[in-house]
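Note on naming: letters A, B, ... go to the chains in the order of the sequence lines (proteins, then strands), and numbering restarts at 1 for each one.
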Amino acid sequence: MSLKIFNTRTRKKETFVPVKEGAVGMYVCGITAYDVCHVGHARAAVVFDVVFRHLKTRGYTVTYVKNFTDIDDKIIDRANKEGVGIGEIASRYIKLHDEDMASLNVLTPTVTPRATDHMADMIALIKTLEEKGIAYSVEGDVFFAVDRFPAYGGLSGRHLDEMMAGARVDVNDKKRNPLDFVLWKKSKEGEPFWESPWGNGRPGWHIECSAMSRRYLGETFDIHGGGEDLIFPHHENEIAQSQAATGKPPANYWVHNGFVKINAEKMSKSLGNIFPIREIVKQYHPEVLRLFMLQSHYRSPVDYSEASLTEARTALIRCYTALQQMKETRAMIAEPGKEKPTAGETQYTNKLDELKSKFDAALDDDFNTAQALGYVFDAARLVNQITMAEKKMPMPAKQVILATAADVFMHFGNGLGVFQSDPDVFFQVDRDVEVRKRGLKAADIEAQIEERQKAREEKDWTRADDIRQALALQKVTLKDSKGRTTWSIE
RNA sequence: GGCGGCAUAGCCAAGUGGCUAAGGCAGCGGUCUGCAAAACCGUUAUUCUCCGGUUCAAAUCCGGAUGCCGCCUCCA
């Protein structure tokens with residue numbers, strides 16, 4: 001089974017063939033560090049995290065580069081507003097970004113370069129373009145001449161003349177063509193600047209990625225990713241810059257993730273519907289957000305809402321319930337596994353192995369996490385059957401099967417970046433979050449449970465049920481098992 | 001105006017030419033339980049927005065209609 005990736009450039013699923021056998025170079029556009037990351041950033045991060053994880057699962061040595069834009073108008077604005085330097089703003093939001101990513105089980109990329117550390121690379125690249133007559137400078141600004149690059153528009157499927165008709169382009173007298181874009185921007189009074197052959201200024205946004213990807217991954221690498229909004233102009237311009245300079249396309253596969261909408265509306269500052277990651281994870285266990293996004297294909301839009309997060313939470317609880325059952329059942333079994341599995345056992349282990357293969361095949365097919373999750377839920381059901389329903393199964397046999405199941409779930413979890421928590425810890429965190437969200441007091445709840453327990457021991461079922469009903473009104477659900485009562489929030 | 005995408009059950013969502021149209025949530029019936037919860041079993045789309053066409057065969061390909069969405073301006 002070979003890996004297939006949908007390539008934005010060709011708009012087709014293609015069989016993945018890396019430039020260098022066994023290795024993959026991947027570049028993903030990271031954030032501009034001027035504010036906290038929101039749910040949209042979370043999606044892009046999770047999507048490419050899954051790509052990163054799956055490529056590793058498939059045995060590739062992956063060099064994953066995700067940059068930070070730490071010089072930009074928005075950063076300067078913010079720095080001016082707060083009266084601090086741009087370095088302080090960038091460092092602050094990069095730190096918060098890293099925390100948010102860690103909370104979502106997003107693996108740290110191999111290299112996380114900052115634009116301001118690569119000024120020399122950018123200036124050199126612009127110089128090359130200027131020498132080739134593709135870039136031109138006007139009074140300290142340097143522009144890329146789009147009509148000098150015939151392939152311009154190849155990624156986004158646009159033609160220069162058609163774009164002119166749309167005419168929503170930047171008005172700038174210095175440009176020869178309104179679609180020309182800035183490579184180097186002359187600094188205004190009081191703005192941070194770097195020295196260059198064109199005078200003091202700062203790099204344009206697009207050139208950063210061309211310079212950094214080339215620095216770490218070479219002239220042509222395998223995968224370039226980002227949000228779908230970056231297709232035009234950002235990635236189009238990156239291709240133009242890199243290819244005009246080197247004569248080679250910078251990347252072979254262009255991968256773009258779909259957007260997160262909020263209650264069917266576009267997320268935007270004006271609508272006031274921006275959800276920071278750090279706010280969401282106060283309301284839901286971080287893996288809930290992750291599972292929510294993984295349930296849809298990465299190229300489809302997803303609609304963020306309370307209801308969909310709640311659904312994802314219930315689904316995640318389903319998985320963790322199976323994992324907890326598995327853990328407890330295995331802990332009960334002292335005997336070591338039998339050496340020769342019987343036919344009854346191989347029936348289960350074969351099924352588990354099959355689900356594992358199907359899971360990998362789903363991810364091989366353009367990272368189809370939704371389909372892969374289908375197999376995860378099938379496996380969860382199977383685990384529940386083994387731990388609960390198959391009571392007659394001899395313990396050593398269960399031991400063998402559940403060991404296999406544990407391995408399979410470990411594989412699922414590593415591939416998708418979920419199930420990274422111990423089940424007991426997961427339920428504790430989930431309950432803490434819910435209790436806080438609803439303004440409940442754990443101690444009060446536990447006192448009532450204790451009172452109910454006494455009633456139950458006296459077989460005063462009416463009293464016990466009254467207490468349970470009172471708790472149910474507060475969305476507290478009780479679960480009576482041997483010797484103890486546990487509780488959770490509905 | 002240009003470019004592109006989407007439309008599958010009550011809701012979310014896979015599936016892109018041929019086995020019974022995944023899975024999750026919600027619902028209903030049952031098993032288990034003092035009763036519950038969870039879990040398990042069964043059940044919920046003769047059909048994939050509509051109309052034509054291609055084909056032995058279409059949710060899947062082609063044409064058209066309708067509706068929704070994104071990009072073209074900073075944006076994951």
Side-chain angles (χ1 to χ4, degrees), chain A residues 8 11 13 28-32 34-35 37-48 72-74 153 156-159 161-171 179 205 225-234 236 256-261 264-269 274 291-292 295-297 299-303 305 307-308 310-319 321-322 324-325 358 362 365 368-378 380-381 383-391 456 459-462 464-465 468-469 472 476-481 485-488 490:
Chain A
T8 304
R11 297 179 200 286
K13 259 189 225 175
V28 174
C29 295
I31 60 155
T32 298
Y34 76 105
D35 207 344
C37 291
H38 53 64
V39 60
H41 297 116
R43 182 162 197 212
V46 167
V47 164
F48 291 102
D72 169 271
D73 287 349
K74 292 187 290 294
S156 53
R158 291 155 209 256
H159 299 286
D161 43 346
E162 283 167 350
M163 281 188 275
M164 302 303 285
R168 268 209 279 179
V169 287
D170 189 20
V171 181
L179 290 164
W205 175 40
E228 63 180 356
D229 56 320
L230 298 182
I231 296 170
F232 190 89
H234 184 55
E236 195 70 72
H256 294 95
N257 66 276
F259 258 42
V260 178
K261 296 196 295 176
E265 286 184 313
K266 182 175 165 143
M267 177 166 54
S268 74
K269 292 219 160 153
I274 291 180
L291 190 78
F292 159 69
Q295 277 178 320
S296 301
H297 189 93
R299 282 187 277 117
S300 312
V302 294
D303 194 9
S305 65
S308 46
T310 301
E311 274 188 21
R313 172 179 174 248
T314 310
L316 186 63
I317 286 172
R318 179 174 170 75
C319 293
T321 300
Q324 191 177 41
Q325 284 302 318
K358 284 182 170 177
D365 184 14
N368 193 335
T369 54
Q371 191 172 66
L373 274 171
Y375 302 126
V376 173
F377 286 106
D378 287 346
R381 168 164 288 116
V383 165
N384 286 330
Q385 285 172 351
I386 296 160
T387 55
M388 312 276 296
E390 295 282 336
K391 289 208 163 90
R456 290 183 73 216
K459 299 221 187 297
D460 184 353
W461 306 123
T462 314
D465 289 351
R468 186 172 60 199
Q469 276 198 359
V476 176
T477 306
L478 303 186
K479 180 185 170 190
D480 297 326
S481 47
T485 297
T486 54
W487 60 283
S488 58
E490 183 185 308

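A donor-acceptor contact under 3.5 Å is not formed by the side chain of D229(A) with the base of rG70(B). No donor-acceptor contact under 3.5 Å links the side chain of R11(A) to the base of rG4(B). Donor-acceptor pairing under 3.5 Å, judged by distance alone, is present between the side chain of E311(A) and the base of rG24(B).
Counting any heavy atom pair closer than 4.0 Å across all strands shown, K459(A) reaches no nucleic acid atom. Heavy atoms of D480(A) sit under 4.0 angstrom from at least one base atom. When heavy atoms are screened at a 4.0 angstrom cut-off, V260(A) is found touching base atoms of the nucleic acid. S156(A) comes within 4.0 angstrom of the backbone, heavy atoms only, and of no base. Looking at heavy-atom distances under 4.0 Å, K479(A) makes contact with a base. Here R299(A) lies out of heavy-atom contact (under 4.0 Å) with every strand. Among the protein residues, F232(A) comes within range of the sugar-phosphate backbone only, with heavy atoms under 4.0 Å from sugar or phosphate atoms but none that close to a base. S300(A) comes within 4.0 angstrom of sugar-phosphate atoms only, judged by non-hydrogen atoms across all strands, and of no base. At the heavy-atom level, L230(A) lies under 4.0 Å from the strands shown only through sugar-phosphate atoms. Counting non-hydrogen atoms under 4.0 angstrom, A370(A) reaches a base of the nucleic acid. Note on H38(A): a base of the nucleic acid sits closer than 4.0 angstrom, heavy atoms only. If you check every strand for non-hydrogen atoms under 4.0 Å, G227(A) touches sugar and phosphate atoms only. Across all strands shown, R158(A) has heavy atoms under 4.0 Å from base atoms, whether or not it also approaches the sugar-phosphate. Within 4.0 Å of E228(A), counting heavy atoms only, lie sugar-phosphate atoms of the nucleic acid but no base atom.
When the C1' atom is used for both rC12(B) and rC48(B), the distance is 16 Å, rounded to whole Å. Taking atom C1' in both rC28(B) and rU44(B), one finds a spacing of 8 Å when rounded to whole Å. For rU16(B) and rU49(B), the P atoms lie 15 Å apart once the distance is rounded to whole Å. Atom name P, nucleotides rU20(B) and rU43(B): the rounded distance is 16 Å, in whole Å. Comparing the same atom, P, in rA57(B) and in rA45(B) gives a spacing of 27 Å after rounding to whole Å. The P atoms of rU8(B) and rA13(B) are separated by 9 Å, rounded to the nearest whole Å. Atom name C1', nucleotides rU31(B) and rA37(B): the rounded distance is 15 Å, in whole Å. Comparing rA21(B) with rA36(B), their C1' atoms are spaced 36 Å from each other, to the whole Å.
Nucleotide rC68(B) has rG5(B) as its partner under the Watson-Crick or G-U criteria, with both atom distances under 3.5 Å. Of all nucleotides present, none satisfies the Watson-Crick or G-U wobble test against rA22(B) with each distance under 3.5 Å. Shown here, rG42(B) forms a base pair with rC28(B); the pair counts as Watson-Crick or G-U wobble because both key distances fall under 3.5 Å.
Considering only the side chain of T314(A), rA26(B) comes nearest among rG34(B), rA37(B), rA26(B). When the nucleotides rA76(B), rC74(B), rG34(B) are ranked by their closest atom to the side chain of H41(A), rA76(B) comes out on top. Residue R381(A) has its side chain nearest to rG24(B) when only rG15(B), rG24(B), rA76(B) are considered. Residue R318(A) places its side chain closer to rG24(B) than to any other of rA14(B), rG24(B), rA76(B). Among the nucleotides rA76(B), rA14(B), rC41(B), the one closest to the side chain of Q371(A) is rA14(B). Here the nucleotide nearest the side chain of H297(A), chosen from rA37(B), rG24(B), rA14(B), is rA14(B).
The aromatic ring of F259(A) sits over the base of rA76(B), with ring centres less than 5.5 Å apart and planes tilted by under 30°. By the criterion of a centre-to-centre distance under 5.5 Å and near-parallel planes under 30°, the ring of Y375(A) forms no stack with the base of rG23(B).
For the 3.5 Å distance criterion, the side chains of D72(A) and T32(A) fail to qualify, holding no donor opposite an acceptor.
As a whole-Å value, the separation of D303(A) CG from rA13(B) P is 8 Å. rU73(B) atom C1' lies 13 Å from atom CG of D73(A), rounded to whole Å. Rounded to an integer number of Å, the gap from L373(A) CG to rA22(B) C1' is 12 Å. Distance, K261(A) NZ to rA7(B) P: 12 Å, rounded to whole Å. In this structure, CG of D465(A) is placed 12 Å from P of rG34(B), rounded to the nearest angstrom.
E311(A) contributes atom CD, which lies 8.0 Å from atom OG of S305(A) (distance to the nearest 0.5 angstrom).
Cation-pi geometry between R318(A) and F377(A) is not met at under 6.0 angstrom from the ring centre and within 45 degrees of the axis.
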